[in-house]
Trainee: 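So that we are looking at the same thing, I have put the structure below in structure tokens.
When a ligand or atom number is given, it counts from 1 through the structure's own listing order. No hydrogens, no waters, no symmetry mates; every other heavy atom, side chains included, goes into these values.
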Amino acid sequence: MSQVLATQQVTSSPFLRALQGVAQTPVPFWLMRQAGRYLPEYRALRATAGSFLNLCFSPEFAAEVTLQPIRRFDMDAAILFSDILVIPHALGQKLDFVEGEGPRLGELDVTKLVYDADKLSPVYETIRRVRQELAPDKALIGFAGAPWTVACYMVDGQGGGEFTRTKIFAYKNPEAFDALIAKVVDATVAYLAAQVRAGADALQLFDSWSGLLPEPYFTRWVIKPAQEIRSRLAKECPQTPMIGFPRGAGGLCQHYAEQTGFDGIGLDTQVPLDWAVENFGKGRCLQGNLDPVLLLTGGDALEQGVRGILDAVRGQPFIFNLGHGVIKETPPEHVALLAKTIRSHAG
Ligand code: 1CP
């Protein structure tokens, strides 16, 4: 038995086996934002919980919301219901989710940020509850935002998409920005290791805004922090596979895949699958990358899109996903059609 196989756990989960580099038929699937506003049962629970943060920090509600899509569509993995912005909250930055507008963060003073692990203990309780309820062949994914993406919200104070304030701050004060990234790296390692201790089977690092940085900054603030998080977690939880999702990175995906050492690489809709398989997908699990608007569209367009992806990755270790999150207007029946199309596709 090879060294790699000898150190890997035997698992009944197709999702985890794909991350070990073994092609699966049918291809395992889950969807970013699979729990959320497109599901009526989510909207009902969200209304009972009141605020979004209250939903994230009530283990009973958060566990239920995590499991809702699995009950309906039988995905191969559940993703913890939480948000990437709980890290700034645990570091002491004020955080609110304003109804209909999105996140709003308070003033940032990097020198005053101190990670308070106790603030995130409800998240670990959610993980324990979900893991108890999930079947053994279903994986539970823990997650965090990557430091660059989290820092974008911390500096800009809200979402939006361009994060020009953050970029100007970082370009003018690279050492001060390094200090912020370092604090987020430390908190993220502690947070993800605790998620694994509570029962997460795999981890995903979301770098939703990595596509905003050109080189050499991409290496400095996307690749290097991801490498550090990966290598520190490899020491603390060597059995737990990790997926990195450098959204918008284009050709830089290849450097990211080669240099971070992640077991899986999430691809957005713009990354050609044949290019990714050829250049960094041999033996490494890729994940993605259906256009969420095809899922919103449904019908033949959806079925053709799904089959096109599955044909392109035939024989490769692969996890089917979207290139970004489920759009909230998506009819749940379209997700059922997607699940059926994947399951019935001949490998
Ligand atoms: O009103 C509501 O119900 C809140 C909407 C919502 C939801 C359902 C937010 C606010 N966060 C979430 C859950 C969430 N967020 C999950 C849970 C599980 C799942 O995927 O099913 C995850 C993994 C995230 C991750 C997240 N939050 C990312 C990375 C992925 C991505 O979408 O790019 C980002 C960038 C956020 C920030 C965030 N949280 C919420 C909103 C509306 C935003 C985006 C703000 C913006 O930039 O406009």
Side-chain angles (χ1 to χ4, degrees), residues 29-58 61-70 72-73 75 77-89 95-105 123 126-127 130 140-166 188 191-192 195 200 202-212 243-249 266-269 287-288 292 321-330 332 335:
F29 84 104
W30 68 282
L31 305 175
M32 291 186 276
R33 295 273 169 112
Q34 65 189 18
R37 288 170 293 183
Y38 76 105
L39 285 178
E41 58 269 38
Y42 170 85
R43 294 194 296 269
L45 233 161
R46 168 86 166 75
T48 313
S51 77
F52 175 69
L53 269 185
N54 199 33
L55 180 57
C56 291
F57 290 140
S58 309
F61 290 158
E64 175 58 24
V65 166
T66 303
L67 290 163
Q68 282 172 346
I70 313 299
R72 256 192 199 247
F73 309 113
M75 283 96 175
I79 180 161
L80 163 71
F81 191 82
S82 179
D83 195 78
I84 65 166
L85 299 178
V86 299
I87 286 289
H89 169 76
L95 170 68
D96 282 309
F97 283 88
V98 180
E99 212 57 54
E101 287 186 34
R104 292 287 180 277
L105 290 89
V123 175
T126 302
I127 291 176
V130 173
L140 173 55
I141 306 169
F143 74 91
W148 159 251
T149 287
V150 172
C152 279
Y153 290 94
M154 294 178 81
V155 175
D156 261 60
Q158 59 184 46
E162 294 300 323
F163 295 101
T164 308
R165 267 180 70 181
T166 305
T188 304
Y191 179 48
L192 290 176
Q195 291 187 31
L203 298 169
Q204 176 153 319
L205 198 65
F206 286 89
D207 217 341
S208 303
W209 302 111
S210 70
L212 297 177
I243 302 168
F245 177 43
R247 191 167 75 89
L267 306 174
D268 64 47
T269 54
Q287 171 180 280
N321 206 316
L322 303 178
H324 200 192
V326 178
I327 296 167
K328 73 172 192 297
E329 290 78 15
T330 302
V335 180

Trainee: Which of the numbered atoms in ligand 1 are under 4.0 angstrom from any heavy atom belonging to Phe97?
Mentor: 10 (C), 39 (N), 40 (C)
Trainee: In Å and rounded to the nearest 0.5 Å, what is the CG to CD1 distance from Leu140 to Ile79?
Mentor: 9.0 Å
Trainee: So, taking the atom named CE in Met154 and the one named OG1 in Thr149, what distance separates them when rounded to the nearest 0.5 Å?
Mentor: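 Output value for this atom pair is 13.0 Å.
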Trainee: Any nitrogen or oxygen of Arg46, main chain or side chain, under 3.5 Å from a nitrogen or oxygen of ligand 1?
Mentor: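 So ligand 1 has an N or O lying under 3.5 Å from an N or O of Arg46.
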Trainee: Among all protein heavy atoms, pick the one closest to atom 9 (C) of ligand 1 and tell me residue, atom and distance.
Mentor: Phe52 CZ, 3.3 Å
Trainee: Among all protein non-hydrogen atoms, which one is nearest to atom 15 (N) of ligand 1, and what is the separation to 0.1 Å?
Mentor: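 The closest heavy atom on the protein side is Asp83 OD1, 3.0 Å.
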Trainee: Quick one: look at Leu80 and ligand 1, take heavy-atom pairs under 4.0 Å, and tell me if it's side chain, backbone, both or neither.
Mentor: backbone
Trainee: Starting from atom 43 (C) of ligand 1, find the nearest protein heavy-atom neighbour and note its residue, name and distance.
Mentor: Arg33 NH2, 4.0 Å
Trainee: At a 4.0 Å threshold, what atoms of ligand 1 neighbour a non-hydrogen atom of Ser208?
Mentor: 29 (C), 30 (C), 31 (C), 33 (O), 35 (C)
Trainee: For Tyr153, is the nearest heavy atom under 4.0 Å from an atom of ligand 1?
Mentor: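 Under 4.0 Å: yes for Tyr153.
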Trainee: Please report which non-hydrogen protein atom sits nearest to atom 25 (C) of ligand 1, along with the residue it belongs to and the distance in Å to one decimal place.
Mentor: Ile84 CG2, 3.7 Å
Trainee: Under 3.5 Å between some N or O of ligand 1 and some N or O of Tyr42?
Mentor: yes
Trainee: For a 4.5 angstrom cut-off between non-hydrogen side-chain atoms, does Val335 reach Met75?
Mentor: yes
Trainee: In terms of ring plane angle, is the pair Phe206 and Phe143 parallel, tilted or perpendicular, where the classes change at 30° and 60°?
Mentor: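 The rings of Phe206 and Phe143 stand perpendicular, inter-plane angle above 60°.
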Trainee: Within the 4.0 Å heavy-atom shell around Phe206, which atoms of ligand 1 are there?
Mentor: 23 (C), 29 (C), 30 (C)
Trainee: For Pro103, state whether at least one heavy atom is located under 4.0 Å from any atom of ligand 1.
Mentor: yes
Trainee: What atoms of ligand 1 come closer than 4.0 angstrom to any heavy atom of Ile79?
Mentor: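 Per the distance check, 18 (C), 19 (C), 20 (O), 21 (O), 23 (C).
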Trainee: Please assess Asp156 against Cys152 for the test side-chain contact (heavy atoms from CB on, under 4.5 Å), listing each intermediate value before the final yes or no.
Mentor: CA-CA 6 Å; Asp156 261 60; Cys152 279; 5.9 Å; no
Trainee: The criterion is salt bridge (Lys or Arg N to Asp or Glu O under 4.0 Å); which residues satisfy it with Glu41, sequence neighbours excluded?
Mentor: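 For Glu41 the salt bridge (Lys or Arg N to Asp or Glu O under 4.0 Å) partners, ignoring immediate neighbours, are Arg72.
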Trainee: Does ligand 1 have any atom sitting under 4.0 Å from a heavy atom of Gly160?
Mentor: yes
Trainee: Side chain, backbone, both or neither: which part of His324 has a heavy atom under 4.0 Å from ligand 1?
Mentor: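 Answer for His324: side chain.
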Trainee: Report, in ascending order of atom number, the atoms of ligand 1 lying under 4.0 Å from any heavy atom of Ala35.
Mentor: 21 (O)
Trainee: If you take the nearest heavy atom of each of Trp30, Phe143, Phe163, which one is closest to atom 22 (C) of ligand 1?
Mentor: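 When every heavy atom of Trp30, Phe143, Phe163 is considered, Phe143 comes closest to atom 22 (C) of ligand 1.
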Trainee: Counting only heavy atoms, which portion of Ser82 has something under 4.0 Å from ligand 1: side chain, backbone, both, or neither?
Mentor: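 Only the backbone of Ser82 comes within reach of ligand 1.
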Trainee: How would you list, by chain and number, every residue that makes a ring-ring contact (aromatic ring centres under 6.0 Å, His included) with Phe73, sequence neighbours excluded?
Mentor: none
Trainee: Identify the two heavy atoms, one from Ile243 and one from Gly266, that lie closest to each other, and give their separation to 0.1 Å.
Mentor: CG2-N, 3.9 Å
Trainee: From Phe245 CZ over to Ser208 OG, what is the distance, rounded to the nearest 0.5 angstrom?
Mentor: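 Nearest 0.5 Å value for the CZ-OG distance: 6.5 Å.
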Trainee: Quick one: are Asp83 and Leu53 in side-chain contact, heavy atoms under 4.5 Å?
Mentor: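 No, their side chains stay 4.5 Å or more apart.
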Trainee: Less than 4.0 Å between a side-chain N and a carboxylate O, is that true for Glu64 and Arg46?
Mentor: no
